[in-house]
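First comes the structure, then the notes that go with it.
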Amino acid sequence: MPDEQNWDLSPREARALQCELAPRVLLQPLPRSFAILGASDIGYARTSNQLVAVMVTFTWPELQPLETSQVISSALFPYIPGLLSFREAPTLVVAFRKLKTPPHVLLCDGQGIAHPRRLGLASHLGLCLGIPTVGCAKKRLCGEHGLLLSHRGASTPLILNGEVVGSVFRSREGVKPIYISPGHLADVESSQALVADCLGRFRIPEPLRRAHNLATDLRRALTAQHPVFQ
DNA sequence: GCGACAG
DNA sequence: ATCTTGTCGC
């Protein structure tokens with residue numbers, strides 16, 4: 001699989017690469033049983049243009065914390081809708097390799113195949129790492145869906161070009177839904193089931209929430225070193 | 001040309 | 001994502 005690839009691409013080249021890699025994504029049920037779940041997130045320190053990658057692992061299905069890794073890097077690629085992985089994935093891959101015990105499944109903050117070229121961050125990362133990944137985003141990137149009931153656990157298919165690419169999922173009563181889609185070595189049904197089994201008392205599944213909090217803590221520490229003078 | 005647009 | 005104050009509902 002495409003492991004150490006060249007991340008120094010123009011937006012045009014990045015889109016072309018996505019079209020080449022997307023067919024390599026495998027859609028299949030997640031492992032019926034596995035021991036370690038991972039979750040990842042990125043923080044951004046604007047004043048120093050630095051990315052903070054956080055990777056957290058937990059026992060599965062108990063979700064007891066196991067290990068965390070953090071990596072700081074300079075942001076080399078801008079945020080462009082549809083090209084998020086070219087900004088975040090390089091640093092996340094390094095954070096993954098710093099883990100003593102890699103997870104068997106990884107939850108990612110962003111889309112999987114619910115992407116214009118079917119290669120969102122979770123899918124791209126899954127190919128790079130060679131493990132099952134699931135995308136869990138707070139906003140929709142593309143695709144359409146019908147009415148979503150307001151009770152916790154309600155879901156409706158996310159459809160792109162006539163295909164079901166994910167599910168719009170109500171993780172808490174009366175709050176905005178989250179957008180779940182398979183990354184790599186996963187499918188829509190098992191991806192939603194995994195996220196459903198990670199829910200605590202908040203909208204964001206617990207493992208991702210933990211990764212996000214750690215990333216925010218580290219980002220604030222960096223910002224304190226790079227104050228904005230006026 | 002106009003609107004949409006993960007983090 | 002980050003920045004940023006008060007404010008509104010479960």
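We name chains A, B, ... by the order of the sequence lines, and we start the count at 1 in each one.
At B:dC5, none of the side-chain N or O atoms of A:H115 fall inside 4.0 Å of OP1 or OP2 (strictly under the cut-off). Phosphate proximity of C:dA1 to A:R46: absent, as no side-chain N or O sits under 4.0 Å from OP1 or OP2. A close approach under 4.0 Å does occur between a side-chain nitrogen or oxygen of A:K138 and OP1 or OP2 of C:dA1.
With rounding to whole Å, A:R152 atom CZ is found 15 Å from C:dC10 atom C1'. Rounded to whole angstrom, the span from the CZ atom of A:F86 across to the P atom of B:dA6 amounts to 17 Å. In this entry the distance linking CZ of A:R170 with P of C:dC10 reads 14 Å, nearest Å. Separating the CG atom of A:L121 from the P atom of C:dA1 is a distance of 13 Å, rounded to the nearest angstrom. In this entry the distance linking CG of A:L51 with P of C:dA1 reads 13 Å, nearest Å. Atom pair A:E173:CD and C:dG9:P shows a separation of 16 Å (rounding to whole Å applied). When the P atom of C:dA1 is taken as reference, atom CG of A:L83 falls 18 Å away, rounded to whole Å. Atoms CG (A:N49) and C1' (C:dA1) sit 12 Å apart, rounded to a whole Å.
At the heavy-atom level, A:H124 lies nowhere under 4.0 Å from the strands shown. As judged by a 4.0 angstrom heavy-atom cut-off over every strand, A:G82 is placed among the base-contacting residues.
One side chain, A:Q192 or A:S167, offers a donor N or O that lies under 3.5 Å from an acceptor on the other.
When atom types are taken as modelled, the side chain of A:T133 and the backbone of A:H184 share a donor-acceptor pair closer than 3.5 angstrom.
Ring geometry, A:H124 versus A:W7: the interplanar angle falls from 30° to 60°, so the pair is classed tilted.
For A:R219, the listed nucleotide lying nearest its side chain is C:dT2; candidates were B:dG7, B:dC5, C:dT2.
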Notebook entry, point to check: What dot-bracket string describes DNA chain C from 5' to 3', counting Watson-Crick and G-U wobble pairs whose defining distances are under 3.5 Å, with [ ] for crossing pairs and | for pairs to another strand?
Noted result: ..........
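In this structure, the aromatic ring of A:Y79 is positioned over the six-membered ring of the base of B:dG7, centres within 5.5 Å and planes within 30°.
Side-chain contact between A:T156 and A:F169: absent, with no pair of heavy atoms (C-beta onward) separated by less than 4.5 Å.
Shortest non-hydrogen contact noted between A:F58 and A:L63 is CD2-O, 3.6 Å.
Ionic pairing of A:D109 and A:K138 is present here: one or more N-O contacts between side-chain nitrogen and carboxylate oxygen are shorter than 4.0 angstrom.
Remark: A:R87 is positioned above the aromatic ring of A:Y44, its terminal NZ or CZ atom under 6.0 angstrom from the ring centre and at most 45 degrees off the axis.
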